[in-house]
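Before any comments, here is the structure.
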Amino acid sequence: MSRRRNYSEATIAIMERFFQAFQTSLDNKLIKNTSQFCATNNIDKRHFYAQRKDIGRGFFEVGWLIPLIRDCGVSSNWLLTGKGTMYLQ
């Protein structure tokens with residue numbers, strides 16, 4: 001098990017936007033389900049669920065952002081800075 005990390009406020013904000021965009025993409029059927037998303041993108045499902053439940057866990061990887069950007073049209077600018085819209089127009 002990964003121990004808790006002392007993430008910066010900026011990193012926590014990015015993770016929160018990631019999970020917000022993930023849930024919105026799931027609700028909009030851009031992602032079939034969490035299990036498939038994790039399997040398709042080589043993300044350990046247990047780590048994904050643990051990180052979502054406790055944002056301070058040390059499992060989050062920057063590579064998790066890529067499928068949302070590449071496959072769901074989420075704005076990389078929004079994910080990283082919070083500026084602009086969640087989805088590219």
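This structure is a prediction, so every number in the text was calculated from the model and none was measured.
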Quick one: closest heavy-atom pair of Pro67 and Gly63, and the distance? CD-O, 3.4 Å
Assign the ring pair Phe37 / Phe18 to parallel, tilted or perpendicular, where the plane angle (0 to 90°) is split at 30° and 60°. tilted
Quick one: do Ile66 and Leu26 end up in the same hydrophobic cluster if we chain Ile, Leu, Val, Met, Phe, Trp and Tyr together by side-chain heavy atoms under 4.5 Å apart? no
So CH2 of Trp64 and CD1 of Ile14: to nearest 0.5 Å the spacing works out to 14.0 Å
Could you name each residue pair satisfying salt bridge (charged side-chain N to carboxylate O under 4.0 Å, His left out) that touches residues 43-52, not counting sequence neighbours? Asp44-Arg46
Whether the side chain of Tyr87 engages the backbone of Cys72 through a donor-acceptor N/O pair (distance < 3.5 Å, no angle test) should be reported. no
Tell me whether the count of non-hydrogen atoms from other residues, nucleotides or ligands lying under 6.0 Å of CG in Asn6 goes above 12. no
Which value, rounded to the nearest 0.5 Å, describes the distance between Phe22 atom CZ and Asp27 atom CG? 9.5 Å
Reported CE-to-CD distance for the pair Met86 and Gln20, which is rounded to 0.5 angstrom: 4.0 Å
Take Val74 and Thr24 through the test side chain to side chain contact (heavy atoms under 4.5 Å, CB included) and record every step on the way to the result. CA-CA 10 Å; Val74 173; Thr24 302; over 6 Å; no
Taking all non-hydrogen atoms of both residues into account, name the closest pair between Gln51 and Met15 and its distance. NE2-SD, 3.6 Å
Looking at the rings of Tyr7 and Phe60, which for Trp means the six-membered one, are their centres under 6.0 Å apart? no
From the options Leu30, Ile31, Asn41, select the one residue that forms a side-chain contact (heavy atoms from CB on, under 4.5 Å) with Asp71. Asn41
Can you check whether Phe59 and Tyr49 have ring centres sitting under 6.0 Å from each other? no
Test item: Ser25 and Leu68 side chains (from C-beta on) under 4.5 Å apart, heavy atoms: yes
From Gln23 CD over to Thr34 OG1, what is the distance, rounded to the nearest 0.5 angstrom? 7.5 Å
With sequence neighbours left out, what residues match Arg70 under salt bridge (Lys or Arg N to Asp or Glu O under 4.0 Å)? none
Rounded distance (nearest 0.5 Å) linking atom CZ of Arg17 with atom CG of Leu65: 10.0 Å
Please round to the nearest 0.5 Å and tell me the distance separating atom CD of Gln89 and atom OG of Ser75. 9.0 Å
